[in-house]
Amino acid sequence: MIPLSILLCASASLSPDQLKVDHLVNPLGINDQTPVFTWIDRGGERGEMQDSYQILVASTPKKMADGTADLWDSGKQKGDQMTAEYGGTPLISGQRAWWKVRIWGESESDQTESKPAFWEAGIVSKSDWKASWIGLPDTLQTDSSRPSPFLRKEITVPASTVAARVYVSAKGLYEFYVDGKKLGKDCLAPGWTDYHKRVQYQTFDLTSTLKPGPHVLGIVLGDGWYCGHVGLTGGNNYGKKPMGLVQLTLTAKDGSRQTIGSDDSWKGTSGPIISDDLLMGENYDARKELTNWASPGAVAGSWSPVDVAPIGAEELVGQHSPPVAVLAELKPIKITQPSPNGYVFDLGQNMVGHARLKVHGAAGTTVKLRFAEMLNPDGTVYTTNLRGAKATDYYTLKGTGEEVYEPRFTFHGFRYVELTGYPGTPGLDAVTGVVVGSANPKTGSFECSSKDINQLQHNIFWGQRGNYVSIPTDCPQRDERLGWMGDAQIFARTACFNNDVEAFLTKWTQDVVDAQGVEGGFSDVTPRMGDSSDGAPAWGDAGVIVPWTVYQCYGDERLLRDRYPAMKAWVEYVDSVNPNHLWINRSNNNFGDWLNVQDDTPRDVLATAYFAHSTDLLRKSAEVLGKTDDAEHYRQLFEEIRTAYQQNFVNSEGVIKGDTQTGYVMALSFGLLPDEQRPAAAKRLADHITIDRKTHLSTGFVGSGMLNPTLTSVGQTELAYKLLLTDTYPSWLYSIRQGATTIWERWDGWTKEKGFQDPGMNSFNHYSFGAVGQWIYTTIGGIDFDEPGYKHIVVHPVPGPGVTWAKTSLDSIRGPISCDWKQTGGKFDLNVTIPGNTTADVYVPAKSTDDVTLNGDSASMSDGVSIGGMKDGCVIFRVGSGKYHFEIGKK
Ligand code: BGC
């Protein structure tokens, strides 16, 4: 075999592109003093490799253009890495830096430069904050009545101003206005963190908005996660009323800066938002609107001095992840009138966000909007599963013609909207579904010949869309909506296919560290709230699994380095109280294999398997980070746990205590069995599925995501396909047969025989069972990696019964990858795209290269391609970047 290095050559078409800083394009408000740069090569020619790179950072665009890197010059660095940490002069608050990357191919002359990009520092030092938290006085915000504060301040912008930035935040939620116009597209800003420890702020460029002269800054506040309801705690989780924070920096021509911070000179009042709550809904009385409240000059109403509080121990951090924003709009497909006064709109899709209402009527008329995921048999909205979440908005008309209302500070999970009190008969255009969620860019796509699998993929995608709202949540509709750690770790790998969630999960894993207890215990939910106990097995372990998964999918070693101490503290937390290496003590809420189908894995088996798994990932992380002593220590600890597991839970015939599907899945996929026992365990798993359960799964949250990948790893891909295509209970397609448009919390959320499951816990938008998405992308789709961040790609689609073609793509951290395959008769067609500066092993189902044609030629003759041997009935073609068309069975 010809070594790959000889076949891959650098080419003049190298083209650095997609420059990001801390995973974002040209971000403002970066607090990080050593941000991470990334880029891709968009050249697209065969076998392109980056031999070296150089990063240049300058303080002005002119210096950048001249090539004067006055802030940092990394020097020419040998290596194919496409990520580097800033090593130059730290930026001061508000400073912008321009950067570009130069990359070389094989020869010195083979060099290309990117276009310049930039990032801008936020307020990097606490002492640079010249603002205070402001809110309405307590007399206007009581426990029984907490209308949304409207706060304002008139300013005069000097003529010499050449740049303006505003940094805004809230303990609660905010919308920020300049001269009556809302700034930015953010919804539910500043997002959810543990506000006692860390509060995000957003940065807006106001240079073109703030012309010299008088202006009004305005901020409207909502309760949000800070003092509204979330979880089962009854509200006021972090404080008793919302407060806002604003700091405006005006830069003059001579470089001098003027800072205007929120303080006691601001005035406040209440307006049309009578109440707002994420779970309960919003009550808006349009008759109380404050005309011109955010415009210069006279303003109606009575405005009081604001309450002021200094910035405390909380850290203020610029948001380094995509904002929550409007992601789509849905038009209703149907209206029905199941009760005399109630109209029900069907949006055709279970979604998360709010409804926009269009209405015409007399002043004082109140329209009530209720939201539901399902209907009762009589066609009315089914809201019992929302438990304590009222999810009801009210709009009282001002009576001035057509009125359009959209709530600001609430979100609901729904497919159906019920209107009562609507004046007249509503048309379809009376309601629009406004989809709101974290704006993580879409990166994955999958389509195949099976309509059912396509619908499943659709449901998985919408499950992620609706539950990634500032943090990864469990559900969007009932009185919970928490960052359940088990759900997050189970789904993380699938999430990394659907969307670019690197920045999103980097932020959330910081929240996970913030929630870690003093003894090292991660929590069950992050941000931590309510129940103060530490995390359960498979839930707390998210603190190790999610950083590892993100590192694997995106290759950013820095994340692993930053989270490593917390990951280690967690493993130590479990290890220190379980001297016999079985995780019995401190297993906290130990939920087990949540929502399994009468196949409950014994808690000690599940816990110990996760103890071993986290220890193993910690060992791998230590290796990546060059911590050799730790790596050795955790390798040994893993072996000890594994031995204890085998001695206590596995009998001489290879039967694992409990004899559950999830038990075998964990043992096989976490490497807990001796090699000689693996075949027996694999056989027992297959028998359990096919014989005991008549080709059905019985796994809960913990086992379901790993089930199909485990089957594939033991040569049972055909069975995995059968499971995926089973449509009787319990199965992935069962809910689809009942019309599901998202993933349900339970396999039997609703059945023909029994109707609705226990409303005490029955969400119709819960992504955990959608974790099979990972297998859909990697095994049907054929896209995977075996070096972090898709540096070395594995293209290995495995066709199976019921699917004759699949088209899959992933906009990976190293650029676009695609794999399309089609099977017709004895022929197999495979089209593959591999991005620049990566290599790939492409598995082609053929007995020898003689059966394969590549781009119309004999495969063995193709340029830049070598043969990596035979495996799993495939010839492995080792390729570099480029487009490849393999045909098998043509000759
Ligand atoms: C949540 C789950 C969570 C579980 C813990 C439920 O109420 O909705 O998704 O993981 O509790 O077992």
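We number each residue from 1, following the sequence as shown. One-based numbering, in listed order, for ligands and for the atoms of each. In what follows, every heavy atom counts, from backbone to side chain, and hydrogens, waters and symmetry copies are set aside.
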Describe, in one word, how the ring planes of Y468 and F504 are oriented to each other, choosing from parallel (under 30°), tilted (30 to 60°) and perpendicular (over 60°). parallel
Under the salt bridge (Lys or Arg N to Asp or Glu O under 4.0 Å) criterion, do D575 and R586 qualify, and how do the steps go? CA-CA 10 Å; D575 186 38; R586 276 192 183 159; over 6 Å; no
Look at atom 6 (C) of ligand 1 and say which protein heavy atom is nearest, naming residue and atom and giving the distance to 0.1 Å. E480 OE2, 3.4 Å
Below a 4.0 angstrom heavy-atom separation, can you tell me which part of R478, side chain or backbone, both or neither, approaches ligand 1? side chain
Assess H766 for proximity to ligand 1: is some non-hydrogen atom of it under 4.0 Å away? yes
Please step through side chain to side chain donor-acceptor pair (under 3.5 Å) for the pair W775 and T779, ending with a clear verdict. CA-CA 5 Å; W775 183 82; T779 307; 3.2 Å; yes
Could you list the atoms of ligand 1 found under 4.0 angstrom from a heavy atom of E745? 8 (O)
Contacting atoms of ligand 1, where contact means under 4.0 angstrom from a heavy atom of D474: 1 (C), 8 (O), 9 (O)
How are the rings of F611 and W583 set relative to one another: parallel (under 30°), tilted (30 to 60°) or perpendicular (over 60°)? perpendicular
Atom 10 (O) of ligand 1: nearest protein contact (heavy atom, Å): D487 OD1, 2.6 Å
Would you call K657 and D604 a salt bridge, taking side-chain N to carboxylate O under 4.0 Å as the test? yes
Proximal ligand 1 atoms for F701, defined as those under 4.0 Å from one of its heavy atoms: 9 (O)
Among all protein heavy atoms in this structure, tell me which lies nearest to atom 5 (C) of ligand 1, with the distance rounded to 0.1 Å. W484 CZ3, 3.5 Å
What closest approach, in Å, do S614 and W570 show between heavy atoms, and which atom pair accounts for it? OG-NE1, 4.1 Å
